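Shown next, in structure tokens, is the structure this report addresses.
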Amino acid sequence: MKANRATDPRHARLRDRLDAIRARSAKSTSWRSSTQYLSRLVNRDGVVPVKARLTRDDLAFLAGARDEVIALAELGVRILDLHRPQEAGGITSDPGSPIRRCRACMWRWPCPTFRAIDDSLGR
């Protein structure tokens, strides 16, 4: 009989946090279209007096958005620091373009992790 392996609690905790951030972000209202208009309203003090109707979901998102974006950016930087290229060594037919592999996972460069980050942030 095969043993039932429990999920790593750290993985589950991080996955839950990322899912919560994604859900909260999806429920909140985007301010992208309003920013062009609002940027023209900056007064001499450098602020924009805003009167807006915010839902509970908007407030929940805004309450933690700064800290969550900082944490996600730090995560991205740490993952990029782990997944970077190195020369794989060995014999190659083109000495000017050696084969490179990822330092962390040893896949051929660019590795799937780097490509996933590049695809997500390259939008």
Side-chain angles (χ1 to χ4, degrees):
M1 189 152 114
K2 202 174 198 180
N4 186 6
R5 289 183 281 162
T7 304
D8 182 354
R10 295 173 299 175
H11 179 272
R13 178 180 54 84
L14 292 173
R15 181 62 189 234
D16 289 346
R17 181 163 183 206
L18 290 171
D19 285 340
I21 292 169
R22 187 177 358 177
R24 204 168 28 257
S25 301
K27 288 180 186 176
S28 67
T29 305
S30 174
W31 284 57
R32 183 173 302 277
S33 61
S34 302
T35 55
Q36 286 182 331
Y37 169 73
L38 292 172
S39 65
R40 290 181 269 162
L41 299 177
V42 176
N43 63 21
R44 286 182 293 225
D45 298 328
V47 297
V48 178
V50 177
K51 293 182 182 177
R53 295 180 62 163
L54 300 173
T55 66
R56 289 178 196 260
D57 292 331
D58 292 336
L59 292 173
F61 172 75
L62 291 171
R66 180 183 178 277
D67 294 334
E68 289 169 349
V69 167
I70 290 170
L72 288 171
E74 179 63 27
L75 170 66
V77 168
R78 291 179 71 184
I79 291 171
L80 282 178
D81 286 345
L82 288 172
H83 292 271
R84 50 194 173 123
Q86 72 177 7
E87 287 189 25
I91 300 172
T92 179
S93 60
D94 184 7
S97 180
I99 296 172
R100 298 186 309 165
R101 294 200 176 273
C102 176
R103 292 178 187 265
C105 62
M106 296 307 293
W107 280 69
R108 285 191 72 154
W109 187 257
C111 71
T113 302
F114 180 84
R115 285 195 309 264
I117 294 169
D118 188 40
D119 289 347
S120 294
L121 297 179
R123 295 181 195 166

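Atom set for the values below is all heavy atoms of this structure, side chains included, hydrogens, waters and symmetry mates excluded. Here the structure is a predicted model, which means the values were calculated and not measured.
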Taking only residues two or more places apart in sequence or in another chain, which ones pass side chain to side chain donor-acceptor pair (under 3.5 Å) with Thr29? Asp58
Separation of Asp16 CG from Ile21 CD1 (nearest 0.5 Å): 11.0 Å
Contact summary for Trp109 and His83, nearest pair of heavy atoms: CH2-O, 3.4 Å
Look at the side chain of Asn43 and the backbone N and O of Asp45, then say whether any donor-acceptor pair between them is shorter than 3.5 Å. yes
In short, Pro110 meets Arg115 closest at the heavy-atom pair O-NH1, 2.5 Å
Centroid-centroid under 6.0 Å between Trp107 and Phe114 rings: no
Do Leu18 and Leu80 land in one hydrophobic cluster if side-chain heavy atoms of ILVMFWY residues count as linked below 4.5 Å? yes
Please determine whether residues Met106 and Leu82 belong to a single hydrophobic cluster, defined as Ile, Leu, Val, Met, Phe, Trp and Tyr linked transitively by side-chain heavy-atom distances below 4.5 Å. no
Is the number of heavy atoms from other residues, nucleotides or ligands within 6.0 Å of CZ (Arg108) greater than 12? no
Cluster check Leu54, Tyr37: I/L/V/M/F/W/Y, side chain < 4.5 angstrom: yes
Donor-acceptor contact below 3.5 Å, side chain Ser28 vs main chain Ser25: yes
Arg56 and Leu59: side chain to side chain contact (heavy atoms under 4.5 Å, CB included), yes or no, with the steps? CA-CA 5 Å; Arg56 289 178 196 260; Leu59 292 173; 5.7 Å; no
Hydrophobic cluster identity match, Ile79 and Leu121, side-chain contacts under 4.5 Å: yes
Let me confirm one number: the CD-CD1 distance from Gln86 to Ile99, rounded to the nearest 0.5 Å. 13.0 Å
May I ask you to decide if Leu75's main-chain N or O and Arg78's side chain share a donor-acceptor pair within less than 3.5 Å? no
Could you check whether Asp19 pairs with Arg15 (Lys NZ or Arg NE/NH1/NH2 to Asp/Glu carboxylate O, under 4.0 Å)? yes
